[in-house]
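Computation of the quantities below employed the complete heavy-atom set of this structure, encompassing side-chain atoms and omitting hydrogens, waters and symmetry-equivalent molecules.
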Amino acid sequence: MDKISVINTITVPKGMEKIAEEVREEYVNYFKKQDGYVNSTFYKSLNREDDGSIRYVNIVMWESYDHFERVVNKGFKNEEGENNDGMRVLGKGFPEPIKVLPGQFTTIG
């Protein structure tokens, strides 16, 4: 299978931007140590939502879906999204009320 991109849209309430950015950095440092990690890019919206929140997009690329699955392993199987290393993966590592909409994508063209 081709490389995959895990793309998370993150909605961060006003005043929680620093926390969200720190949590993301912690996870990228963890992912960098994992087999199959390729790279990561983090985007911050230039505009706030009507309620003052701001959106981020985090993209993490993996060599394959198998590599991604090995990192998240049991995170698929429990509500907390906790993997075998005790990391809360699949967008579950951000504190409330930060909202994460996770997805996995492959390039088709």
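- In this structure, Glu21 and Phe42 approach most closely via the heavy-atom pair CG-CE2, 4.0 Å.
- Closest approach of Ser53 and Pro13 over heavy atoms only: CB-CA, 3.9 Å.
- Within the 4.5 Å cutoff, no side-chain heavy atoms of Ile54 are placed close to those of Lys14.
- Counted within 6.0 Å of OH on Tyr43, heavy atoms from surrounding residues, nucleotides or ligands total 12 or fewer; the atom is thus considered open.
- Once rounded to the nearest 0.5 Å, the distance linking NZ of Lys3 with CD of Glu63 reads 5.0 Å.
- Note: the hydrophobic cluster containing Val89 does not contain Ile7 (ILVMFWY, side chain heavy atoms under 4.5 Å, direct or indirect links).
- Salt-bridge formation is not detected for the pair Glu17/Lys44: no Lys NZ or Arg NE/NH1/NH2 atom is positioned less than 4.0 Å from an Asp or Glu carboxylate oxygen.
- The two atoms that bring Pro95 and Val23 nearest to each other are CD-CG2, 4.2 Å, heavy atoms only.
- Between the side chains of Asp66 and Ser64, no donor N or O sits under 3.5 Å from an acceptor N or O.
- Phe105 and Ile4 sit in two unconnected hydrophobic clusters of ILVMFWY residues. Membership requires side-chain heavy atoms under 4.5 Å apart, directly or through other members.
- When the side chains of ILVMFWY residues are joined at heavy-atom separations under 4.5 Å, either directly or via intervening members, Val57 and Leu90 end up in two distinct hydrophobic clusters.
- Side-chain contact between Met87 and Glu26: present, with at least one pair of heavy atoms (C-beta onward) separated by less than 4.5 Å.
- The line from CZ of Arg24 to CG of Asn29 is 9.0 Å long, rounded to the nearest 0.5 Å.
- Rounded to the nearest 0.5 angstrom, Thr9 OG1 and Tyr56 OH are separated by 13.5 Å.
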I would like to know whether Glu80 and Lys92 meet salt bridge (charged side-chain N to carboxylate O under 4.0 Å, His left out); could you show each step before the answer? CA-CA 6 Å; Glu80 295 78 28; Lys92 306 269 183 148; over 6 Å; no

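- Within the model, atoms CE of Met16 and OG1 of Thr11 stand 12.0 Å from one another, a figure rounded to the nearest 0.5 Å.
- Without hydrogens or angle criteria, Asn73 side chain to Asn84 main chain gives a donor-acceptor distance under 3.5 Å.
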Check against side chain to side chain contact (heavy atoms under 4.5 Å, CB included), Met61 and Phe31: CA-CA 10 Å; Met61 185 176 287; Phe31 292 149; over 6 Å; no

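- Checked by atom type, the side-chain pair Tyr30/Asn83 shows a donor-acceptor distance below 3.5 Å.
- The two atoms that bring Asn58 and Ile10 nearest to each other are CB-CD1, 4.1 Å, heavy atoms only.
- Contact between Val12 and Ala20 at its shortest, heavy atoms only, is CG2-CB, 3.7 Å.
- For the atom pair Arg55 CZ and Leu101 CG, the distance stands at 9.0 Å (nearest 0.5 Å).
- Note: Asp35 CG to His67 NE2 = 4.0 Å, rounded to the nearest 0.5 Å.
- Judged by distance alone, the side chain of Tyr37 and the main-chain N or O of Val60 form no donor-acceptor pair under 3.5 Å.
- Judged by distance alone, the side chain of Ser40 and the main-chain N or O of Ile59 form a donor-acceptor pair under 3.5 Å.
- Taking each heavy atom of Trp62 and Phe68 in turn, the nearest pair found is NE1-CD1, 3.8 Å.
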